Trainee: 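The structure's right below; bear with me while I get my questions together.
Chain identifiers are assigned alphabetically (A, B, ...) following the order of the sequence lines, protein sequences preceding nucleic acid strands; residue numbering begins at 1 within each chain. Bear in mind the structure is a predicted one, so any value in this text is a computation, not a measurement.
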Protein chains: 2
Amino acid sequence: MKLVVRNGEARRASRPGASRSSGLNGGLPLDSILQGDCIAELSRLPAHSVDLVFADPPYNLQLQGELKRPDDSRVDAVDDAWDKFESFQAYDAFTRAWLLAVRRVLKPTGTLWVIGSYHNIFRVGAMLQDLDFWILNDIVWRKTNPMPNFRGRRFTNAHETLIWAARDPGGKGYTFNYEAMKAANEDVQMRSDWLFPICSGHERLKDDDGHKVHPTQKPEALIARILLASSKPGDVVLDPFLGSGTTAAVAKRLGRHFVGIERDSTYAEAARARIDAVQPLPDAALASAPSAREAPRIAFASLIERGLIAPGTMLTDAKSRYRALVRADGTLSLETAPGLGTVGSIHRAGALAQGLDACNGWTFWHLETGEGLRPIDSLRAVVRSEMAMAAE
Amino acid sequence: MKLVVRNGEARRASRPGASRSSGLNGGLPLDSILQGDCIAELSRLPAHSVDLVFADPPYNLQLQGELKRPDDSRVDAVDDAWDKFESFQAYDAFTRAWLLAVRRVLKPTGTLWVIGSYHNIFRVGAMLQDLDFWILNDIVWRKTNPMPNFRGRRFTNAHETLIWAARDPGGKGYTFNYEAMKAANEDVQMRSDWLFPICSGHERLKDDDGHKVHPTQKPEALIARILLASSKPGDVVLDPFLGSGTTAAVAKRLGRHFVGIERDSTYAEAARARIDAVQPLPDAALASAPSAREAPRIAFASLIERGLIAPGTMLTDAKSRYRALVRADGTLSLETAPGLGTVGSIHRAGALAQGLDACNGWTFWHLETGEGLRPIDSLRAVVRSEMAMAAE
DNA sequence: CCCTATTTTGAATCCTTTG
DNA sequence: ACAAAGGATTCAAAATAGG
């Protein structure tokens, strides 16, 4: 029997536009929790319908009896039935099954995130590769406050590993919000090692007796970085092992749709209540950092058509080593190098001038103005802002 | 044909006592490089004779085409034949074969370290588990200066992964120098995430043309931490993929025996010359740190790891009344006071020397430089600024 | 010699759209 | 499908060059 727990808040919070509304979407039950076995539930969903999967599968911890702290108190370890497997073979078969099911529901441009520890992550990673997923990064979550090693027989296990993979070999077309990640990291590229505290305090779900609802609840900050890095507002995020609902709660807050699958009714119920209480961020707070890649393309010729630059104008590079003449059709003619191959696009001409294979002509070529040399890219910016004004 | 390259310096530097002398030891060719295929060479060695294996196998990078930097310069990729495999299956078969061969030569109490990237480490880790090795930790080497992601399509790949495993399930009896690691880490447990620069500068081996001898030479600081953490002086350290000889050079410096296996004659020859030039540290610099639970906080070891101060260096106070020897694990050994309790952190050693209860070792101990005595605190400032740069 | 500016380089699975 | 073209993209540290 399938129980679909719809989230009322998610519906109320939905914004206009088909891509942002909740509910059934081509057979995909948006913004809801499917209670049941993840492989069975995944197989009911339409193929190629999900943008991002985040999976926190059982770690298969294989703990050897109970662990005590130096003061003889007992460590509350993960000993739930769902984390037990008879053998590595059994764990591999389970991993293979859910990965294949995930693969089917993923869009061709979709990506998968999996988190694990050394107990299981090597098996998951190898299986991913065997199934022709394409690893994009492995990410290390460094914990600011890990559990110490009580016996003093190993290094403090202070991290967990995430794998980020595209659905298909050579994966192209996936979402990576490079500029946003860079901006969030002091304007240098975001690295593969992330630092976050473990989930505790108010964020940690507790039952009426004050016991933690789920033994391995992940911090929202970790999931938020994942969604902000590799999905867009309105995307569909699926979590096949929803647990306490962190993925869904963060997805809702960040204006992404979610589909959660959870077998355990206690977890599913706690997740539903948690998600209902989430207030989505306003659109303005979700606007992504401007991406040069996604900006509309402008043909150099259109600058001429708009009168921003006249045919016959001479362009130079920043150090005035090369010169090129602007022609009426939007091509450049190199002044210095005579003969064939001296005419071409701004990019081709820049490459030819320097003897390189490639060149971004927008930033290479400059125009003499009253205030000195300026890159022709500044003219492109003028066109883009004019287009933006006209569109409103 | 087997060529055994014996290292003369290693013989001359050897100390009295069977466990520290070089040469054939029950069939184990100590302190030498075996030139040949690692599986063939391993199978010739006596079983259960090695304490520690460090392995840096081919990563199977599977690079697609050439990559250029934004300035159009070409990235010098690892495209050597030894890194190419036909398929994951072929790589797995190779991995299985060398792991089994390593397993045979390891003592029952021996441990194995393997380093890799996401291209291969998941397969290595899964195979380790399949072969009944027992994973103790996975360790993340965070690079202070990784190569950036030039196309802005992924997170900067800023780390590599190491797996530390015992030979047998439930592994017992292995060496872990807990106290030394803790003392080297500001008196808190050493974590599973380590920060080191990549190998460059003077440490990087270059040929007569100034080209790097080996494309993937590892930093000595990384190997030193491994040997200091998980081996004892006099132990036998084996590297089945010796390459430029980092493992052997560090082992010799730290008073461990080494056995290196390398197929490529150019690499083997470069390694031999490198190892010959290594001066082993004096015994006094190697004795293990005392198990003092309440040792004072120090970060002194990081100066050693970063090469700002060499093990074996003599420190004095500002008026040159007391002297102490710097040891590889970051502790000091007082020269004047014989007997027990003369080894400890820089603070403890300073207090002991003066007969006081406490002492700030950073300002007490000085280093002779060309410009006179300088407090070691001036070196800490260097590390602090580096760490501040690397921290998030 | 020093100080500053520029160039080089490192285990990398590194693009997208149009025709 | 494939080929061609547009045009977007780098951080830390060491080595080298210039003043």
Trainee: Without placing hydrogens or testing angles, list every side-chain donor-acceptor pair under 3.5 Å for residues 172-183 of chain A, not counting sequence neighbours.
Mentor:
{"from": "A:Tyr174", "atom 1": "OH", "to": "B:Arg153", "atom 2": "O", "distance (Å)": "2.7"}
{"from": "A:Thr175", "atom 1": "OG1", "to": "A:Lys232", "atom 2": "NZ", "distance (Å)": "3.2"}
{"from": "A:Asn177", "atom 1": "ND2", "to": "A:Leu228", "atom 2": "O", "distance (Å)": "2.7"}
{"from": "A:Asn177", "atom 1": "ND2", "to": "A:Ser231", "atom 2": "O", "distance (Å)": "3.0"}
{"from": "A:Tyr178", "atom 1": "OH", "to": "A:Gln189", "atom 2": "NE2", "distance (Å)": "3.0"}

Trainee: Between the base of C:dA11 and the side chain of B:Lys218, is there a donor and acceptor pair under 3.5 angstrom?
Mentor: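 Answer yes: a donor N or O sits under 3.5 Å from an acceptor.
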Trainee: Check ring pair (Phe, Tyr, Trp, His ring centres under 6.0 Å) between A:Tyr322 and all other residues, then give those that pass, not counting sequence neighbours.
Mentor: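 By the ring pair (Phe, Tyr, Trp, His ring centres under 6.0 Å) rule, A:Tyr322 matches no residue at all.
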Trainee: Between D:dT9, C:dA11, C:dA12, which one does the side chain of A:Ala292 approach most closely?
Mentor: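 Of the options given, the side chain of A:Ala292 lies nearest D:dT9.
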Trainee: Taking the ring of B:Tyr267 and the ring of B:His214, is the distance between their centroids below 6.0 Å?
Mentor: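 Centroid distance B:His214-B:Tyr267: below 6.0 Å, so yes.
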Trainee: So what does A:Lys182 hit on the nucleic acid, given a heavy-atom distance under 4.0 Å: a base, only sugar-phosphate, or nothing?
Mentor: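 It contacts sugar-phosphate atoms only.
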Trainee: Checking all strands, does A:Arg348 fall into the base, sugar-phosphate, or nothing category for heavy-atom contacts under 4.0 angstrom?
Mentor: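 A:Arg348: no heavy atom of the nucleic acid under 4.0 Å.
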Trainee: Respond yes when some side-chain nitrogen or oxygen of A:Asn360 is under 4.0 Å from OP1 or OP2 of D:dA8, and no when none is.
Mentor: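 For D:dA8, OP1 or OP2 has a side-chain N or O of A:Asn360 closer than 4.0 Å.
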Trainee: Can you spot which of A:Asp329, A:Thr331, A:Leu332 makes a side chain to side chain contact (heavy atoms under 4.5 Å, CB included) with A:Val343?
Mentor: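 So, applying the side chain to side chain contact (heavy atoms under 4.5 Å, CB included) to A:Val343 and each of A:Asp329, A:Thr331, A:Leu332, only A:Thr331 qualifies.
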Trainee: Which dot-bracket notation, 5' to 3', represents the base pairing of DNA chain C when pairs are defined as Watson-Crick or G-U with both distances under 3.5 Å, crossing pairs as [ ], and inter-strand pairs as |?
Mentor: .|||||||||....|||||
Trainee: Under 4.0 Å between a side-chain N or O of A:Tyr178 and OP1 or OP2 of D:dT10?
Mentor: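 Yes, because at least one side-chain N or O of A:Tyr178 sits under 4.0 Å from OP1 or OP2 of D:dT10.
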Trainee: Contact list please: residues 123-133 of chain A against DNA chain D, heavy atoms, distance less than 4.0 Å, in numerical order.
Mentor: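 Under 4.0 Å from DNA chain D: no residue of residues 123-133 of chain A.
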Trainee: Students often get this wrong, so: under 4.0 angstrom with heavy atoms, is B:Pro197 touching a base, only sugar-phosphate, or nothing?
Mentor: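 No contact at all - B:Pro197 keeps every heavy atom at 4.0 Å or more from the nucleic acid.
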Trainee: Shorter than 3.5 Å, N or O on both sides, protein versus nucleotides 16-19 of chain C: list them out with atom names.
Mentor:
{"from": "C:dT16", "atom 1": "OP1", "to": "B:Arg153", "atom 2": "NE", "distance (Å)": "3.4"}
{"from": "C:dT16", "atom 1": "OP1", "to": "B:Arg153", "atom 2": "NH2", "distance (Å)": "2.9"}

Trainee: Which part of the nucleic acid, if any, lies within contact of A:Ser345, taking any heavy atom under 4.0 Å across all strands shown: a base, the sugar-phosphate backbone alone, or nothing?
Mentor: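 Sugar-phosphate only.
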Trainee: Identify whether any heavy atom of A:Pro169 sits under 4.0 Å from a base atom; if not, whether one sits that close to sugar-phosphate; answer base, sugar-phosphate or nothing.
Mentor: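 No contact.
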Trainee: Base, sugar-phosphate, or nothing for B:Ile115, non-hydrogen atoms under 4.0 angstrom?
Mentor: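 Nothing, no nucleic acid heavy atom in range.
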Trainee: Round to the nearest Å and state the distance from B:Arg151 atom CZ to C:dC14 atom C1'.
Mentor: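 So the two atoms are 6 Å apart, to the nearest Å.
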Trainee: Show the distances under 3.5 angstrom between N or O atoms of the protein and N or O atoms of nucleotides 5-9 of chain C.
Mentor:
none

